[in-house]
Amino acid sequence: MTALDAWAAIAQLRPKNALLVQESPSNREDLVQVWPAEQPESYFTFASGGLGWNAPAAVVLLWRRSIIGPSRPTVLAIGDGSLHYSVQSIYTAVKHKVKLIYLVPLNEEYAILKQFAILEETPNVPALDLPGLNAQAIAKSYGCPAFRAENAAELQKRFEEALKLDGPALIEFPIDRQLRPLVAQTATKA
(Lines give C-alpha, C1' and ligand atoms only; values in the text may rest on other atoms or scores of the structure.)
Protein backbone atom coordinates (compact mmCIF):
# COMPACT_ATOMS: atom_id res chain seq x y z
CA MET A 1 0.00 0.00 0.00
CA THR A 2 1.38 3.42 -0.87
CA ALA A 3 1.16 6.32 1.56
CA LEU A 4 -1.27 7.99 -0.83
CA ASP A 5 -3.52 4.89 -0.82
CA ALA A 6 -3.51 4.82 2.98
CA TRP A 7 -4.20 8.53 3.46
CA ALA A 8 -6.95 8.45 0.82
CA ALA A 9 -8.67 5.53 2.56
CA ILE A 10 -8.68 7.39 5.88
CA ALA A 11 -9.68 10.73 4.37
CA GLN A 12 -12.87 9.16 3.02
CA LEU A 13 -14.02 8.57 6.60
CA ARG A 14 -12.69 11.60 8.41
CA PRO A 15 -15.16 13.80 10.22
CA LYS A 16 -15.43 17.13 8.40
CA ASN A 17 -14.53 19.06 11.56
CA ALA A 18 -11.49 16.92 12.37
CA LEU A 19 -8.19 18.48 13.36
CA LEU A 20 -5.12 17.08 11.65
CA VAL A 21 -1.68 17.25 13.23
CA GLN A 22 1.03 16.12 10.81
CA GLU A 23 4.52 14.76 11.49
CA SER A 24 5.03 12.34 8.65
CA PRO A 25 7.33 14.50 6.56
CA SER A 26 8.37 11.99 3.92
CA ASN A 27 4.78 11.57 2.71
CA ARG A 28 3.24 14.87 3.78
CA GLU A 29 2.38 15.81 0.19
CA ASP A 30 0.25 12.67 -0.18
CA LEU A 31 -1.59 13.45 3.04
CA VAL A 32 -2.44 17.07 2.29
CA GLN A 33 -3.48 16.12 -1.25
CA VAL A 34 -6.37 14.00 0.08
CA TRP A 35 -6.99 15.80 3.39
CA PRO A 36 -7.16 19.53 2.63
CA ALA A 37 -7.57 22.04 5.44
CA GLU A 38 -11.14 23.21 4.89
CA GLN A 39 -11.71 25.05 8.17
CA PRO A 40 -9.60 27.52 10.15
CA GLU A 41 -7.37 25.94 12.77
CA SER A 42 -7.79 22.44 11.36
CA TYR A 43 -4.20 21.67 10.26
CA PHE A 44 -1.16 21.84 12.51
CA THR A 45 2.45 20.89 11.88
CA PHE A 46 5.97 21.92 12.76
CA ALA A 47 7.53 24.88 10.98
CA SER A 48 11.19 24.00 10.85
CA GLY A 49 11.26 20.24 10.44
CA GLY A 50 12.18 19.48 14.05
CA LEU A 51 10.96 15.94 14.62
CA GLY A 52 9.29 15.13 17.92
CA TRP A 53 7.23 18.28 18.41
CA ASN A 54 3.84 17.28 17.00
CA ALA A 55 2.85 14.30 19.14
CA PRO A 56 3.02 16.18 22.45
CA ALA A 57 1.56 19.27 20.75
CA ALA A 58 -1.46 17.22 19.63
CA VAL A 59 -2.04 15.97 23.18
CA VAL A 60 -1.83 19.49 24.63
CA LEU A 61 -4.01 20.91 21.86
CA LEU A 62 -6.75 18.39 22.66
CA TRP A 63 -6.38 18.68 26.42
CA ARG A 64 -6.61 22.49 26.20
CA ARG A 65 -9.61 22.39 23.86
CA SER A 66 -11.40 20.07 26.31
CA ILE A 67 -11.05 22.75 28.98
CA ILE A 68 -12.21 25.74 26.92
CA GLY A 69 -14.99 24.14 24.92
CA PRO A 70 -16.07 21.21 22.86
CA SER A 71 -13.20 19.34 21.33
CA ARG A 72 -13.04 18.21 17.74
CA PRO A 73 -11.96 14.76 16.53
CA THR A 74 -8.18 14.91 16.26
CA VAL A 75 -5.84 12.80 14.17
CA LEU A 76 -2.06 12.72 14.45
CA ALA A 77 -0.35 11.48 11.29
CA ILE A 78 3.13 10.54 12.51
CA GLY A 79 5.74 8.37 10.83
CA ASP A 80 7.25 5.39 12.60
CA GLY A 81 10.59 7.18 12.88
CA SER A 82 9.09 10.45 14.10
CA LEU A 83 6.99 8.68 16.73
CA HIS A 84 10.08 7.55 18.58
CA TYR A 85 11.16 11.13 19.24
CA SER A 86 8.15 11.60 21.53
CA VAL A 87 6.59 8.21 22.19
CA GLN A 88 5.87 9.25 25.78
CA SER A 89 3.02 11.40 24.46
CA ILE A 90 0.98 8.19 24.23
CA TYR A 91 1.22 7.78 28.00
CA THR A 92 0.12 11.40 28.53
CA ALA A 93 -2.81 10.96 26.12
CA VAL A 94 -3.94 7.88 28.05
CA LYS A 95 -3.61 9.55 31.45
CA HIS A 96 -5.56 12.64 30.36
CA LYS A 97 -8.06 10.58 28.32
CA VAL A 98 -7.68 12.77 25.24
CA LYS A 99 -9.39 11.50 22.11
CA LEU A 100 -6.43 11.40 19.75
CA ILE A 101 -6.01 8.91 16.94
CA TYR A 102 -2.35 8.20 16.18
CA LEU A 103 -1.95 7.11 12.54
CA VAL A 104 1.48 5.57 12.08
CA PRO A 105 2.62 4.67 8.56
CA LEU A 106 5.39 2.10 8.77
CA ASN A 107 8.13 2.33 6.17
CA GLU A 108 10.78 1.05 8.58
CA GLU A 109 13.16 3.89 7.84
CA TYR A 110 13.88 7.54 8.48
CA ALA A 111 12.78 8.34 4.95
CA ILE A 112 12.99 12.11 5.38
CA LEU A 113 16.59 11.83 6.60
CA LYS A 114 17.42 9.58 3.64
CA GLN A 115 15.91 12.21 1.38
CA PHE A 116 18.14 14.85 2.98
CA ALA A 117 21.14 12.55 2.47
CA ILE A 118 20.35 12.41 -1.25
CA LEU A 119 19.97 16.18 -1.40
CA GLU A 120 23.27 16.70 0.43
CA GLU A 121 25.00 14.01 -1.65
CA THR A 122 25.95 12.00 1.42
CA PRO A 123 24.95 8.44 0.53
CA ASN A 124 24.93 5.50 2.92
CA VAL A 125 24.31 7.43 6.12
CA PRO A 126 24.20 4.75 8.83
CA ALA A 127 21.30 3.94 11.16
CA LEU A 128 18.46 5.25 8.97
CA ASP A 129 16.83 1.85 8.51
CA LEU A 130 14.43 1.02 11.34
CA PRO A 131 13.34 -2.61 10.94
CA GLY A 132 11.19 -4.17 13.61
CA LEU A 133 9.76 -1.08 15.31
CA ASN A 134 6.41 -1.97 16.84
CA ALA A 135 4.30 1.09 17.58
CA GLN A 136 1.32 -1.11 18.40
CA ALA A 137 3.18 -2.88 21.22
CA ILE A 138 4.48 0.40 22.62
CA ALA A 139 1.00 1.93 22.65
CA LYS A 140 -0.47 -1.11 24.37
CA SER A 141 2.28 -0.99 27.01
CA TYR A 142 1.03 2.50 27.91
CA GLY A 143 -2.58 1.29 28.10
CA CYS A 144 -3.59 2.71 24.72
CA PRO A 145 -5.78 0.63 22.39
CA ALA A 146 -3.71 -0.16 19.31
CA PHE A 147 -4.34 -1.86 16.00
CA ARG A 148 -2.51 -2.92 12.86
CA ALA A 149 -3.99 -2.65 9.38
CA GLU A 150 -2.44 -4.45 6.42
CA ASN A 151 -4.49 -2.86 3.64
CA ALA A 152 -6.83 0.04 2.91
CA ALA A 153 -10.01 -1.84 3.86
CA GLU A 154 -8.55 -2.88 7.25
CA LEU A 155 -7.30 0.67 7.77
CA GLN A 156 -10.78 2.08 7.25
CA LYS A 157 -12.27 -0.49 9.63
CA ARG A 158 -9.71 0.31 12.33
CA PHE A 159 -10.17 4.06 11.85
CA GLU A 160 -13.95 3.71 12.30
CA GLU A 161 -13.33 1.71 15.50
CA ALA A 162 -10.90 4.32 16.81
CA LEU A 163 -13.40 7.12 16.18
CA LYS A 164 -15.85 5.36 18.54
CA LEU A 165 -13.40 5.13 21.45
CA ASP A 166 -13.46 7.62 24.33
CA GLY A 167 -9.70 8.04 24.58
CA PRO A 168 -6.63 7.72 22.41
CA ALA A 169 -5.97 4.93 19.92
CA LEU A 170 -3.07 4.05 17.65
CA ILE A 171 -3.24 2.43 14.22
CA GLU A 172 -0.06 1.32 12.50
CA PHE A 173 0.00 0.29 8.84
CA PRO A 174 2.80 -0.68 6.49
CA ILE A 175 3.43 1.54 3.48
CA ASP A 176 5.76 1.16 0.52
CA ARG A 177 9.21 2.68 0.81
CA GLN A 178 9.38 5.64 -1.51
CA LEU A 179 12.15 8.22 -1.49
CA ARG A 180 11.41 11.48 -3.27
CA PRO A 181 13.58 14.48 -4.06
CA LEU A 182 13.21 17.29 -1.56
CA VAL A 183 13.67 19.97 -4.20
CA ALA A 184 13.43 19.89 -7.94
CA GLN A 185 16.85 19.53 -9.48
CA THR A 186 17.06 22.06 -12.31
CA ALA A 187 20.76 22.14 -13.03
CA THR A 188 23.68 19.78 -12.81
CA LYS A 189 26.73 20.64 -10.79
CA ALA A 190 29.79 21.81 -12.68
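Just so it is clear, the model here is predicted, and its values are computed rather than measured.
Between I78 and the options D80, V75, L76, a side-chain contact (heavy atoms from CB on, under 4.5 Å) holds for only L76.
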Could you tabulate the donor-acceptor pairs under 3.5 Å formed by side-chain atoms of residues 160-170, not counting sequence neighbours?
unit_1: E161; atom_1: OE1; unit_2: R158; atom_2: NH1; d: 3.0
unit_1: E161; atom_1: OE2; unit_2: R158; atom_2: NH1; d: 3.4

Distance-only criterion, 3.5 Å: show the donor-acceptor pairs between side-chain atoms of residues 6-15 and protein atoms not counting sequence neighbours.
unit_1: W7; atom_1: NE1; unit_2: N27; atom_2: OD1; d: 3.1
unit_1: Q12; atom_1: OE1; unit_2: Q156; atom_2: NE2; d: 2.9

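Going from atom CZ of F147 over to atom NZ of K157 covers 10.0 Å, rounded to the nearest 0.5 Å. Residue S82 holds its OG atom at 10.0 Å from NE2 of H84, rounded to the nearest 0.5 Å.
Taking the side-chain hydrogen bond (donor to acceptor under 3.5 Å, both in side chains) definition, one finds that N107 meets it with nothing, sequence neighbours left out. With sequence neighbours excluded, the residues that form a side-chain hydrogen bond (donor to acceptor under 3.5 Å, both in side chains) with T45 are Q22.
Within the structure, every pair that satisfies the side chain to side chain donor-acceptor pair (under 3.5 Å) test and touches residues 91-102, not counting sequence neighbours, is listed here: S89-Y102. Applying the side chain to side chain donor-acceptor pair (under 3.5 Å) rule to pairs touching residues 126-148 yields K114-D129, D129-R177, R148-E150, R148-E172, sequence neighbours excluded.
A distance-only check finds no donor-acceptor pair linking the side chain of R72 to the backbone of L19 [under 3.5 Å].
L61 is listed as a side-chain neighbour of V21, based on a closest heavy-atom distance under 4.5 Å. With contacts defined as side-chain heavy-atom distances shorter than 4.5 Å, the pair P73/N17 qualifies. Put simply, the side chain of L133 does not reach to within 4.5 Å of the side chain of L106, judged on heavy atoms.
Residue A77 comes nearest to L31 through the heavy atom pair CB-CD2, 3.6 Å, listed as atom of the first residue, atom of the second, then distance. W53 and P56 make their closest contact through O-CD, 3.4 Å (heavy atoms, listed as atom of the first residue, atom of the second, distance).
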Run the side-chain contact (heavy atoms from CB on, under 4.5 Å) check on L100 and V59 step by step: do they pass? CA-CA 7 Å; L100 176 62; V59 172; 3.9 Å; yes
